Amino acid sequence: MSAEFELCPRRAVGGDQPCFIIAEIGQNHQGSMEIAKQMIRMAKECGADCAKFQKSELEYKFNTKALERPYNSPHSWGPTYGDHKRYLEFSHEQYKELSKFAEEVGIFFTASGMDEMAVEFLHELNVPFFKVGSLDTNNFPYLEKAAKKGRPMVISSGMQSMETMRKVYNTVKPINNKFCFLQCTSAYPLDPEDTHLRVITEYKKEFPDIPIGYSGHETGIAISIAAVAMGAKVLERHVTMDKTWKGNDHQASLEPCELQELVRSIRIVEKAFGSPLKRLLPCEMACHNKLGKSVVAKVTIPAGTKLTLDMMTVKVAEPKGIEPDDIYKLVGKQVNTQINIDETITCDMIANYNKKC
């Protein structure tokens with residue numbers, strides 16, 4: 001079982017804890033503080049544990065030529081990629097306002113720090129944990145600096161190999177043991193055949209002392225529910241108010257009704273995990289009492305007879321008697337009273353039969 005750690009104040013992940021559900025708002029707010037706040041409230045109302053954004057200090061994330069690159073996409077918010085990103089990027093003061101709003105709403109708030117300076121700002125903002133996006137998972141100087149801040153870390157693994165993830169584990173673990181990995185495929189939207197949920201199982205084998213989760217970019221909720229059933233302890237899904245809005249991520253995001261149903265379904269699945277102990281349950285007693293079978297006499301059996309298998313059969317009987325799984329134990333036992341054909345065989349009919357009936 002994976003180790004538990006406190007990801008947010010008074011909210012642990014791993015072990016038998018419920019799955020921690022992150023509503024990834026990212027930049028689906030369209031550059032609008034009003035929409036961003038609507039989405040934070042929506043995430044809370046749908047039952048998510050955390051509302052998450054993406055914070056960049058653009059001059060540290062991109063070089064000059066990348067920012068000056070023409071951006072003619074129908075999803076563009078400006079003529080160059082830099083103009084586009086600046087339109088969607090909230091300021092420090094706006095982030096402080098959003099963080100305060102999330103606190104008022106009652107939902108945890110954090111962001112992916114998309115570069116080292118963004119991590120510095122998020123640390124000052126006092127987010128409960130850092131999210132490491134897949135683009136920075138093999139950025140080892142970044143990982144070391146983030147880990148040294150001492151905050152819990154959620155690390156996505158899109159575009160990475162198992163060998164790289166071992167290196168990530170060996171880099172972060174000696175510095176900060178409060179972290180988890182998310183299985184992730186960096187495609188938007190993600191086709192089911194490219195999801196590879198079995199990696200969750202491999203991560204659990206390879207890294208048994210940390211929680212494992214899933215970051216999904218597929219459409220719909222079925223795959224994410226399956227990920228939780230396979231043991232994902234942290235789940236991240238992009239969310240939107242409208243999939244038809246302008247932007248690359250909206251199509252692979254969940255609208256409010258989908259997020260609400262995802263959370264509801266996950267909580268049902270978690271209830272269904274139950275106990276590994278297999279036994280007759282109290283809720284099964286009605287069925288057992290009505291249709292549970294007993295050993296009955298296949299023929300009339302005189303008193304003093306030693307039972308053979310061909311003298312007995314199994315039926316739904318009234319009254320109830322010896323359970324079918326004990327029929328072989330009755331072979332060779334002596335009956336102390338006559339048992340009529342089709343009569344239930346009960347414990348008191350068998351000489352020296354001590355099993356409780």
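Each residue takes its place number in the sequence, starting with 1. Note that the structure is predicted; figures quoted are calculated from it, not measured.
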J.: Let's go through Glu202 and Lys205 carefully: what are the C-alpha distance in whole Å and the side-chain angles of both, what is the deciding distance for salt bridge (Lys or Arg N to Asp or Glu O under 4.0 Å) to 0.1 Å, and is it a yes or a no?
T.: CA-CA 5 Å; Glu202 292 307 303; Lys205 292 177 185 175; 3.5 Å; yes
J.: Please examine the side chains of Asn138 and Lys167, heavy atoms only from C-beta on, and report whether any two atoms are closer than 4.5 Å.
T.: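 The answer is no, as the side chains (C-beta and beyond) never meet within the 4.5 Å cut-off.
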J.: Applying side chain to side chain donor-acceptor pair (under 3.5 Å) between Gln27 and each of Gln54, Lys55, Lys85, report the one that passes.
T.: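 Filter result, single survivor: Lys85.
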J.: Step by step, work out the side-chain hydrogen bond (donor to acceptor under 3.5 Å, both in side chains) result for Ser161 and Thr164.
T.: CA-CA 5 Å; Ser161 66; Thr164 297; 3.2 Å; yes
J.: Which atom pair, heavy atoms only, marks the closest approach of Val172 to Ala147?
T.: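 The pair with the smallest heavy-atom distance is CG1-CB, 4.3 Å.
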J.: Looking only at the side chains, is there a donor atom on one of Ser253 and Glu24 sitting less than 3.5 Å from an acceptor on the other?
T.: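 The answer is no; no qualifying pair exists.
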J.: Does atom NZ of Lys320 have more than 12 heavy-atom neighbours, drawn from other residues, nucleotides or ligands, at distances under 6.0 Å?
T.: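 Count over threshold, so yes.
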J.: I'd like to check Glu218 versus Pro192 (side-chain heavy atoms, cut-off strictly below 4.5 Å). Are they in contact?
T.: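 The answer is no; the side chains never approach within 4.5 Å.
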J.: Quick one: which of Glu255, Glu258, His250 gives a side chain to side chain donor-acceptor pair (under 3.5 Å) with Lys243?
T.: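 Among Glu255, Glu258, His250, the one meeting side chain to side chain donor-acceptor pair (under 3.5 Å) with Lys243 is Glu258.
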J.: Quick check for you: to the nearest 0.5 Å, what is the distance between Ile212 atom CD1 and Cys180 atom SG?
T.: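 Here the interatomic distance stands at 7.5 Å.
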J.: Say whether Ile345 and Val296 are linked into one hydrophobic cluster, either directly or through other cluster members, by side-chain heavy-atom distances under 4.5 angstrom.
T.: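 Ile345 does not cluster with Val296.
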J.: Phe179 and Phe129: aromatic ring centres closer than 6.0 Å?
T.: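 No, the ring of Phe179 stays outside the 6.0 Å limit from the ring of Phe129, centre to centre.
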J.: Hey, what do you get for CG (Asp191) to NE2 (His217), rounding to the nearest 0.5 Å?
T.: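 Asp191 CG to His217 NE2: 13.5 Å, rounded to 0.5 Å.
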J.: If the threshold is 4.0 Å, N to carboxylate O, is there a salt bridge linking Glu103 and Lys100?
T.: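 No.
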J.: When you check the side-chain N and O atoms of Glu261 and Ser265, is any donor under 3.5 Å from an acceptor?
T.: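 Yes, a side-chain donor-acceptor pair sits under 3.5 Å.
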J.: Scan side-chain atoms only and decide if Asn336 and Tyr353 contain a donor-acceptor pair under the 3.5 Å cut-off.
T.: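 Judged by distance alone, the side chains do not pair up.
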J.: Closest heavy-atom contact between Thr240 and Met39?
T.: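 Heavy atoms only, the tightest pair is CA-CE, 3.6 Å.
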J.: Might you point out which heavy atoms bring Glu89 and Tyr95 nearest each other, and give the distance in Å?
T.: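 Closest heavy-atom pair between Glu89 and Tyr95: OE2-CE1, 4.4 Å.
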J.: One pair to check against side chain to side chain contact (heavy atoms under 4.5 Å, CB included): Leu262 and Ile225. What are the steps and the verdict?
T.: CA-CA 7 Å; Leu262 174 64; Ile225 296 169; 3.8 Å; yes
J.: Would you confirm whether Glu284, through its side chain, and Leu281, through its main-chain N or O, come within 3.5 Å as a donor-acceptor pair?
T.: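 A pair under 3.5 Å: yes.
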J.: Identify the two heavy atoms, one from Ile40 and one from Ile107, that lie closest to each other, and give their separation to 0.1 Å.
T.: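 In this case the closest contact between Ile40 and Ile107 is CG2-CG2, 3.8 Å.
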J.: Taking side chain as C-beta onward, heavy atoms only, is Met165 less than 4.5 Å from Phe207?
T.: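 Sidechains of Phe207 and Met165: in contact.
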J.: With a cut-off of 6.0 Å (strictly less than), are more than 12 heavy atoms of other residues, nucleotides or ligands near CZ of Phe273?
T.: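 Result for CZ/Phe273: enclosed.
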J.: Heavy atoms, side chains only, cut-off 4.5 Å: are Ser76 and Tyr71 in contact?
T.: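 Of all side-chain heavy-atom pairs linking Tyr71 with Ser76, at least one is under 4.5 Å.
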J.: Phe108 versus Pro9: any side-chain heavy-atom pair under 4.5 Å?
T.: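 Sidechains of Pro9 and Phe108: in contact.
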J.: Is it possible for you to say whether Leu58 and Leu135 belong to one hydrophobic cluster, with membership spreading through side-chain heavy-atom contacts below 4.5 Å?
T.: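 Not linked; separate clusters.
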J.: Once rounded to the nearest 0.5 Å, what's the spacing between atom NZ of Lys315 and atom OG of Ser294?
T.: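 Result: 12.0 Å between the selected atoms.
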J.: Going only through I, L, V, M, F, W and Y residues with side-chain contacts under 4.5 Å, is there a path from Leu197 to Met159?
T.: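 Different clusters.
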J.: May I ask you to say whether Asp49 pairs ionically with Arg267, meaning some side-chain N is under 4.0 Å from a carboxylate O?
T.: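 Arg267 and Asp49: salt-bridged.
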J.: Look only at the side chain of Thr80 and the backbone of Asp83, and say whether a donor-acceptor pair between them is shorter than 3.5 Å.
T.: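 Side chain of Thr80 to backbone of Asp83: a pair is present.
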J.: Enter the distance from Glu68:CD to Asn63:CG here, rounded to the nearest 0.5 Å.
T.: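 Going from CD on Glu68 over to CG on Asn63, the span is 9.0 Å.
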J.: Run the salt-bridge test on Glu236 and Lys131 with the 4.0 Å N-O cut-off and return the result as yes or no.
T.: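 Salt bridge: yes.
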J.: If you define the side chain from C-beta out and look only at heavy atoms, does anything of Arg237 sit under 4.5 Å from Leu259?
T.: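 Sidechains of Leu259 and Arg237: no contact.
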J.: Could you check whether the rings of Tyr87 and Trp77 sit parallel, tilted or perpendicular, using 30° and 60° as the cut-offs?
T.: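 The rings of Tyr87 and Trp77 lie parallel, inter-plane angle below 30°.
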J.: Rounded to the nearest 0.5 Å, what's the gap from CE on Met114 to CZ on Phe62? Could you check?
T.: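 With rounding to 0.5 Å, CE (Met114) is 7.5 Å from CZ (Phe62).
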J.: According to a 4.5 Å side-chain heavy-atom criterion applied to Ile, Leu, Val, Met, Phe, Trp and Tyr, with indirect links allowed, do Met162 and Phe181 form part of one hydrophobic cluster?
T.: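 The answer is yes; both residues are in one hydrophobic cluster.
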J.: Are any of the side-chain nitrogens in Lys37 or Glu97 under 4.0 Å away from the carboxylate oxygens of its partner?
T.: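 Result for this pair is yes, salt bridge flagged.
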J.: Would you mind reporting whether Asn126 and Arg151 have side-chain heavy atoms less than 4.5 Å apart?
T.: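 A side-chain contact exists here, since the closest heavy-atom pair is under 4.5 Å.
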J.: Are His92 and Glu57 linked by a side-chain donor-acceptor pair shorter than 3.5 Å?
T.: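 Checked: His92/Glu57 side chains pair up, N/O donor to acceptor below 3.5 Å.
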J.: Taking the side chain from Asp194 and the backbone from Leu190, do they hold a donor-acceptor pair closer than 3.5 Å?
T.: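 No, because the side chain of Asp194 does not come within donor-acceptor range (under 3.5 Å) of the backbone of Leu190.
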J.: If you compare all heavy atoms of Trp245 against all heavy atoms of Met241, which two are closest, and at what distance to 0.1 Å?
T.: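 That would be CH2-CB, 3.4 Å.
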J.: Would you please test Phe5 and Asn177 for side chain to side chain contact (heavy atoms under 4.5 Å, CB included) and show each step?
T.: CA-CA 9 Å; Phe5 67 87; Asn177 63 4; over 6 Å; no
J.: Should we say atom CG of Asn352 is surrounded by more than 12 heavy atoms from elsewhere, each under 6.0 Å from it?
T.: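 Incorrect, the count does not exceed 12.
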J.: Report the C-alpha distance between Ile350 and Ile322 in whole Å, list the side-chain angles of each, state the deciding distance to 0.1 Å, and finish with yes or no for side chain to side chain contact (heavy atoms under 4.5 Å, CB included).
T.: CA-CA 10 Å; Ile350 311 299; Ile322 294 173; 4.2 Å; yes
J.: Does the side chain of Asp326 reach to within under 4.5 Å of the side chain of Leu330, using non-hydrogen atoms?
T.: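 Contact flag for Asp326/Leu330 side chains = no.
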J.: Quick one: do Ile266 and Met230 end up in the same hydrophobic cluster if we chain Ile, Leu, Val, Met, Phe, Trp and Tyr together by side-chain heavy atoms under 4.5 Å apart?
T.: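 Ile266 and Met230: one cluster.
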J.: Show the numbers, then the answer: is there a side chain to side chain contact (heavy atoms under 4.5 Å, CB included) between Glu206 and Tyr169?
T.: CA-CA 10 Å; Glu206 188 77 22; Tyr169 176 91; over 6 Å; no
J.: What is the minimum heavy-atom distance between His75 and Lys246, and which atoms define it?
T.: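 So the two residues come closest at CA-CG, 3.6 Å.
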